[in-house]
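Have a look at the structure below before the remarks.
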Amino acid sequence: MISEFSSTDLKTDTLVIERPKTSEISPRLLELRKKIYDEEYLNNAIQRIAQVISGKLVENPEELTLRE
């Protein structure tokens with residue numbers, strides 16, 4: 001069932017997020033922010049994640065069973 005309501009029925013909140021100054025951000029985080037836009041970097045990262053997960057699944061196949 002779809003209910004209709006007017007915009008006065010909605011309660012809204014505003015969230016303000018302040019960005020830290022660049023000088024307050026670690027160099028490692030700044031480096032990673034740049035890399036996230038590099039398609040080759042992302043593809044390699046995804047491949048590494050897949051390899052680790054695949055390795056874990058092969059090492060411990062008993063962990064694949066469903067738990068109740």
Find the distance between CG (L29) and CZ (R33) and round it off to the nearest 0.5 Å.
4.5 Å
State the NZ-CG distance between K34 and L32, to the nearest 0.5 angstrom.
11.0 Å
Hey, is CD on E31 packed in by over 12 heavy atoms from elsewhere, all under 6.0 Å?
yes
Salt bridge (charged side-chain N to carboxylate O under 4.0 Å, His left out) partners for E18, two or more places apart:
none
Roughly how far, to the nearest 0.5 Å, is NZ of K35 from CG of N44?
10.5 Å
If you draw a 6.0 Å radius around CD in E39, do more than 12 non-hydrogen atoms from other residues or ligands fall strictly inside?
no
Between the CD1 atom in I46 and the CD atom in Q51, the distance rounded to the nearest 0.5 Å is 12.5 Å
Do you reckon I36 sits in the same ILVMFWY cluster as I25, going by side-chain contacts under 4.5 Å, direct or chained?
no
